[in-house]
Amino acid sequence: DKGGWSSFMAKEVSEEPEAVANTLRGRSHDGVVTIPELEGLDDLFAGINRVIIVACGTASYAGMTAKYAFEQWTRIPVEVELAHEFRYRDPVIGPSTLVVSISQSGETMDTLMAVKFAREGGAKTVSICNTQGATIPRESDAIVYTHAGPEVAVASTKAFVAQITALYLLALHVSQVRGSQSKLAIADALRELEAIPAKISQILEREQAHIEQFAGWMADTRSVLFLGRHVGYPIALEGALKLKEISYIHAEGFAAGELKHGPIALIEPGQPVFVIVPSPRESAEMHKKVVSSIQEIRARGARVIVVAEEGDAAVLPYADEVLRIPLAGRLYEPLLAVVPLHIFAMGLATAKGLDVDQPRNLAKSVTVE
Ligand code: BG6
């Protein structure tokens, strides 16, 4: 039931705040992480020295996003790999490797095979999943469910923000078990996470109409590029994937720092480029670098659409459109920055008259390898 929305995707984007809030609910108390599903597993988390995150599609970008927080908080090296690539090489894994799988459906065959392969190799496995009782969690040593609610639209939206949230909780849990973060730092991180749902709601209230309007003007666009740095990089990839999936427009995401090593050759007058701008408060240096990337593409005629925090005036002289997100710590920005990109993809596909819920050639859950 679409509940009065024009599509399941529209409904599910509107549910992004609840997806985060419900995934957090009941999993912390007084600044301490308390994940009932992970009780009794302290030895498992104490005994690992490497984390490999495996997933496909949007879920893999949630993994790429969480890598930054996971490493920062736990000081355990984290790799992120597409499940089908991981499975068919000869990865170095063993009892001190933790393989974290991410899957909305819990049925993606590529991801399931990667988990089975990891277990056969002696690794420990944790599954991040949105579907109770699905196959992948059944094959794993532990499960942290995302509580995004059923996701019907093929292109994943609310599950994505819930996956990042669950991965952050898992990372905080692991740092708590291993003592790699102070109690204060963990309490602060939980506070930041708890503030996210209201901030996403703010974006939906303040920016949705604006984004849908200019997405409509862009219905004839043939290609869109997305640039981001640090945690903004996987968000650029996710923005591009969503656009490909539902609007059939060629889209690519790049690490902003890679611009001069290749992608800048693509910039010609009128080329739309989304740029995820990191907060100048959180990292003045990174902010400056991204603004200088914007200047470089703008000088070559790019049509620049920035996603930037409220009050960041440095981007104004070089931006054709400015999409504002509320202030948040650097690791939490992706949970906000992705929202305008989800709205944009949906707005553009709708303007083209496409079925946003059932894009051609795609299935919600791919149960073949
Ligand atoms: C694809 C879906 O086939 O599978 C994507 O079209 C999804 O939307 C990907 O991100 C992974 O699915 P799951 O269920 O494993 O998260």
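Ligands are counted one by one from 1 in listed order, and the atoms in each one are counted from 1 as well. These numbers were taken from a predicted model, which means no experiment stands behind them.
- Looking at Thr58 against ligand 1, both its backbone and its side chain come within 4.0 Å, counting heavy atoms.
- Ion pairing between Glu285 and Lys289 holds under the 4.0 Å rule for side-chain N and carboxylate O.
- Proximity annotation for atom 8 (O) of ligand 1: of Asn130, Thr111, Val154, Val154 comes nearest, heavy atoms only.
- Atom 4 (O) of ligand 1 has Lys364 O, 4.3 Å as its closest protein atom, hydrogens excluded (heavy atom only).
- Of all the heavy atoms of Glu107, none lies under 4.0 Å from any atom of ligand 1, so neither backbone nor side chain is involved.
- Looking only at atom types and distance, the side chain of Glu369 has a donor-acceptor partner in the side chain of Tyr88 under 3.5 Å away.
- Residues Ser156 and Glu151 have side chains that bring a donor and an acceptor to within less than 3.5 angstrom of each other.
- Within the 4.0 Å heavy-atom shell around ligand 1 one does not find Ser365.
- When heavy-atom distances to ligand 1 are checked against a 4.0 Å cut-off, Ala159 has no atom that comes that close, whether in backbone or side chain.
- Closest to atom 9 (C) of ligand 1, if we only count protein heavy atoms, is Cys56 O, 3.8 Å.
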Evaluate the criterion salt bridge (Lys or Arg N to Asp or Glu O under 4.0 Å) for residue pair Arg89 and Glu85; output intermediate values, then yes/no. CA-CA 7 Å; Arg89 60 188 183 87; Glu85 288 293 323; over 6 Å; no
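- Val366 CG2, 3.1 Å is the protein heavy atom nearest to atom 3 (O) of ligand 1.
- Residues Lys242 and Thr58 bring a donor and an acceptor atom of their side chains to less than 3.5 Å of each other.
- In summary, Arg191 and Glu194 do not engage in a salt bridge, as defined by a charged side-chain N under 4.0 Å from a carboxylate O.
- At under 3.5 Å, a nitrogen or oxygen of Gln104, whether backbone or side chain, sits near a nitrogen or oxygen of ligand 1.
- Side-chain polar atoms of His342 and Glu238 form a donor-acceptor pair below 3.5 angstrom.
- Side chains of Thr146 and Gln163: a donor-acceptor N/O pair is absent below 3.5 angstrom, by distance only.
- Protein heavy atom nearest atom 14 (O) of ligand 1, with residue, atom name and distance: Ser105 OG, 2.6 Å.
- Residue Ala363 has at least one nitrogen or oxygen atom sitting less than 3.5 Å from a nitrogen or oxygen atom of ligand 1, judged on distance alone.
- In the vicinity of Ser103, heavy-atom distances shorter than 4.0 Å reach the ligand 1 atoms 13 (P), 14 (O), 15 (O), 16 (O).
- Each of Thr65, Ile102, Val78 was evaluated against Leu167; a single residue qualifies, Ile102, per the side chain to side chain contact (heavy atoms under 4.5 Å, CB included) test.
- Residue contacts with ligand 1: Thr108 is placed with a nitrogen or oxygen under 3.5 Å of a nitrogen or oxygen of the ligand (distance criterion only).
- Of all atoms in ligand 1, listed by their number and element, those nearer than 4.0 Å to a heavy atom of Glu245 are 5 (C), 6 (O), 8 (O).
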